[in-house]
Structure formats: C-alpha cells, structure tokens
Amino acid sequence: KSEIEKGVDRMIKIYDTMSRDLREFVPIEDGKVKMYVCGPTVYNYIHVGNARSTVAFDTIRRYFEYRGYEIAYISNFTDVDDKIINRAKEEGITPQEVADKYIAAFREDVTALGVKPATRHPRVVEFMADIIRFVEDLIEKGYAYESQGDVYFRVEKSHNYAKLANKSLEDLELGASGRTDEETARKENPVDFALWKAAKPGEISWDSPWGPGRPGWHIECSVMSTEILGDTIDIHGGGADLEFPHHTNEIAQSEAKTGKTFANYWMHNGFVNIDNVKMSKSLGNFITVHDALETIDGQVLRFFFATQHYRKPINFTEKAVHDAEVNLKYLKNTYEQPFTGTVDLIQLQVFLDKFTTAMDEDFNAANGITVVFELAKWINSGHYNQEVKSAFAELLQVFGIVFTEEVLDADIEALIEQRQAARVAKDFATADKIRDELAAKGIKLLDTKDGVRWIRD
C-alpha cells in the first residue's frame with residue numbers, strides 16, 4: 001500500500017514445538033510459505049475442537065498473506081480409516097459415500113466460519129499408488145518390514161524418535177513391554193507402527209505387494225505432504241493431540257525415506273474446553289459445529305476462535321460467545337459509520353505498526369485484536385476516511401471478518417430525514433417519537449458533531 005507500510009522488514013517469530021522455543025521464521029524460498037495442516041477424518045460432522053484448529057491455522061495463513069507472503073496451504077481429508085468403515089456399516093452406505101457426505105458437511109461448516117479453501121484439499125484415495133511406492137522404499141532401505149500382510153516401521157532405527165512429543169524411545173518401549181495382543185505379536189518391537197494394514201474380510205482394500213489392504217493413518221499425511229509440497233516444508237501444523245503419535249510417526253517415516261528434514265517448524269493449537277471441562281464424547285459435552293451454527297452466527301463463532309492465542313486452551317461458554325457477539329457488533333458499527341474528514345496518517349501507521357508487532361510474536365491474536373479495538377476507539381473519536389477504512393478492513397480480514405456494506409430501507413432513510421427536519425424546526429416531541437420508532441426497528445441514532453449516524457442495535 002502507498003503510505004501505509006506493513007512492517008515487512010520485521011521478522012515473524014514462531015513457537016516451534018520441536019525446539020520448544022520462539023524462532024525467527026526463515027522460509028525455504030524467500031517470500032513463500034509451504035504449509036501442511038492435518039485435516040479431519042471425515043466420518044462425522046466436525047466438532048468445535050476441529051473448528052478451533054481450522055480457524056487458528058486459517059488466521060495464521062491470512063496473517064502471512066497480510067504480510068505479503070505467497071502461501072501454498074495444504075490441508076487433507078483422511079477418507080480411508082477404521083472410523084469411516086464403521087460409520088459406513090452403521091449407515092448402510094459405502095465408505096466412499098460416508099467420506100463424500102462429511103467432506104461436503106465440512107466445507108459447508110467452515111465456509112460459515114469464514115475459512116478460505118486450502119490451496120489444495122488432497123484425499124488419501126488419490127494417492128494410493130504413491131503410498132505403496134513410499135512403503136516399498138522404506139522396506140528397501142531397511143526401515144520397514146512385512147509381517148502377515150501388514151507392514152511396520154522399525155522405530156528403533158529412527159533418529160531421535162518422539163523428540164517432538166518430548167518422549168524417549170526407552171520410555172515408550174517400557175510402556176509397551178507388557179502388551180500381549182494379536183497385533184503386537186506380529187511386530188519385531190511393540191512400539192513399531194503400521195504403514196500398511198492387511199484387509200479384514202469385507203473391508204475396502206487396495207492391491208499391494210503385501211496383499212490386499214489399506215494404508216496406516218500416519219503414512220497418508222507424509223505422502224500427501226511430500227508429493228504436493230516436496231521433501232521439506234516450512235510449517236506443519238495441527239492440534240496438540242497430534243504431536244504423538246501422528247506427527248511423531250510422520251517425521252520418522254518421512255525423514256527415513258528422504259534423508260531430509262521433514263518440516264522446519266512445527267505448530268500445534270490448544271484444546272477446547274466446554275465450561276472449563278475438556279470436551280469429550282464420554283462426558284456428553286461434545287459440540288459439533290453443525291449444531292452450534294443452529295444458534296450461533298458463523299461470524300461470531302469465527303471471531304470467538306480467531307481472536308484468542310492459538311496455542312492456549314479456549315473455554316467455550318455461553319458468556320464467552322455472547323461477549324464475542326457484542327464485540328463484533330461494536331466493530332461492525334465502527335466500520336459502517338460515515339467519514340469524518342482529514343486523518344493523521346502518522347497515527348494510523350502507529351496502530352498498524354503496533355498490530356504487526358503483536359502478530360509477529362507467534363501470531364498473538366489476543367494482542368492483535370486489542371490493537372484493532374484501540375484503532376476502533378480512535379475511529380469513533382472522529383478519525384475516519386477511506387484510507388483508514390481500508391486499513392481497518394485489512395486488519396479485520398486477518399481474523400476472517402468481512403463486513404458487507406448495509407443499505408437502509410427507503411422508509412427508514414425517510415424517517416431519519418423527517419427526524420432531522422423536526423429537530424431543525426425544534427419540534428422535539430416529533431423528533432423523539434421518530435427516534436423511538438426507529439429504535440423499535442433496531443436502528444439506534446447517534447447525534448455527533450459531524451451529524452447524525454445510525455447503528456444496528
């Protein structure tokens with residue numbers, strides 16, 4: 001933008017789960033970001049925990065774009081999984097039909113939350129040949145072995161296994177040492193994990209060198225990430241629950257195959273609590289986005305998720321959502337007010353610099369939105385023109401908030417004009433009567449030094 005700078009000379013810092021430290025973001029390719037975020041297993045409607053992750057990384061993506069980066073943003077659909085097979089049996093349809101149904105539901109839900117479509121949403125079924133080749137490669141390199149139609153990864157050969165989750169191989173082996181189940185008997189080591197699973201009778205399967213079967217969960221993301229973005233990516237993200245075993249196993253198998261670092265930065269978002277209690281199906285406090293959207297506006301839900309720091313747990317309460325609604329309405333009313341003339345662009349730049357400083361520190365949305373409210377207060381004190389409005393809109397878009405211009409009905413416009421005429425004629429009884437009539441229609445009038453303005457109440 002012309003006079004308005006976005007602080008592009010400053011560095012974004014990311015809290016990297018692997019190093020457990022804030023690190024300056026240095027992309028593989030200048031000005032570009034390769035980012036892979038684990039998407040949902042599509043066997044049900046997404047819950048508010050999934051939505052929290054989806055919104056958090058969409059906000060991070062939007063901030064990168066605000067700062068001028070070109071971003072390749074990949075988020076997968078896991079459409080081959082035990083849960084999908086079980087749901088297909090329950091619903092009397094094919095696993096593919098289950099996946100199609102809930103992918104459509106996911107798109108509908110996240111669109112209501114203002115989430116941008118990923119650059120690509122790969123599906124596992126599209127990559128079966130690549131997955132089989134990847135597993136063959138690992139066997140050839142001695143990192144994997146076949147056992148009764150299954151293929152397992154040799155964890156003890158992996159360098160620094162489970163470092164991401166701050167666990168040691170010794171502790172994991174100790175924890176697994178007492179296992180006596182049928183699958184453990186097929187493994188060389190109880191901690192080895194499945195790359196390929198032999199098909200059970202009647203299950204969906206694909207032909208492979210080890211017989212009919214399907215991929216293990218972890219191999220899917222490794223293959224989709226490396227096939228689409230290359231052997232090394234800038235950022236890999238997902239919920240904190242994915243650190244172990246999912247992301248841990250992705251690292252082990254990917255780096256074993258390529259001999260390269262899989263991801264330069266690892267980012268994980270915090271959990272969602274419902275009224276201070278961790279959400280779980282067993283407790284019956286499990287909320288799907290599909291159900292939440294029945295009573296909560298999608299933009300309000302988006303605002304609630306997007307304006308809190310992605311790494312911290314979120315407490316989902318009726319009051320918190322109500323507060324988000326009130327705050328969003330304040331910003332909308334600020335955005336829609338009429339212009340007030342000349343503006344000090346130096347002061348506007350101060351706000352924008354402050355916003356960039358806040359967000360550059362590990363995408364601290366809580367501090368970033370505080371600056372947006374400070375800017376709103378300044379706007380409401382009489383500092384508003386097209387340049388300020390454009391800058392304000394850009395900041396809001398980082399949080400996925402887009403306000404459309406509201407146009408008043410002709411009869412309401414006429415009432416406002418009649419009230420103005422009554423005030424000029426000092427007919428205050430009529431003016432007050434019209435004010436009350438407008439209030440009943442949800443229009444609140446504000447008499448300012450720059451004339452009357454209206455807001456939706």
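Source: prediction; values computed, not measured.
A cation-pi contact, defined as under 6.0 Å to the ring centre and within 45° of the axis, links Arg61 to Tyr73.
Here the shortest heavy-atom pairing between Ile233 and Lys34 reads CB-O, 3.9 Å. Of all heavy-atom pairs between Glu250 and His236, the closest is OE1-NE2, 2.8 Å.
A salt bridge links Asp58 with Arg302: the distance from a Lys NZ or Arg NE/NH1/NH2 to an Asp or Glu carboxylate oxygen falls below 4.0 Å.
Ring geometry for Trp266 against His268 counts as parallel: the plane angle stays under 30°, on a 0 to 90° scale with 60° as the upper cut.
Side-chain contact check for Phe316 versus Asn273: every heavy-atom pair is 4.5 Å or farther apart. In this structure the side chain of Thr288 never reaches within 4.5 angstrom of the side chain of Val48, judged on heavy atoms. Counting only heavy atoms from C-beta outward, the side chains of Thr334 and Phe392 approach each other to under 4.5 Å.
Just one of Glu361, Met267, Glu24 meets the side-chain contact (heavy atoms from CB on, under 4.5 Å) condition when paired with Ile14; it is Met267. Screening Phe64, Phe57, Tyr15 for a side-chain contact (heavy atoms from CB on, under 4.5 Å) involving Phe363 leaves a single residue, Phe64.
Within a 6.0 Å radius of CD1 in Ile346, other residues, nucleotides and ligands contribute 12 heavy atoms or fewer. Heavy atoms from other residues, nucleotides or ligands lying under 6.0 Å from NZ of Lys141 number more than 12. Within 6.0 Å of the CD atom in Glu374, the count of heavy atoms belonging to other residues, nucleotides or ligands exceeds 12. Residue-environment remark: CD (Glu126) exceeds the threshold of 12 foreign heavy atoms within 6.0 Å.
Interatomic distance, Phe304 CZ to Thr317 OG1, rounded to the nearest 0.5 Å: 6.5 Å.
Proximity of the aromatic rings of Phe25 and Tyr265 is defined here by a centroid distance below 6.0 angstrom, and this criterion is met.
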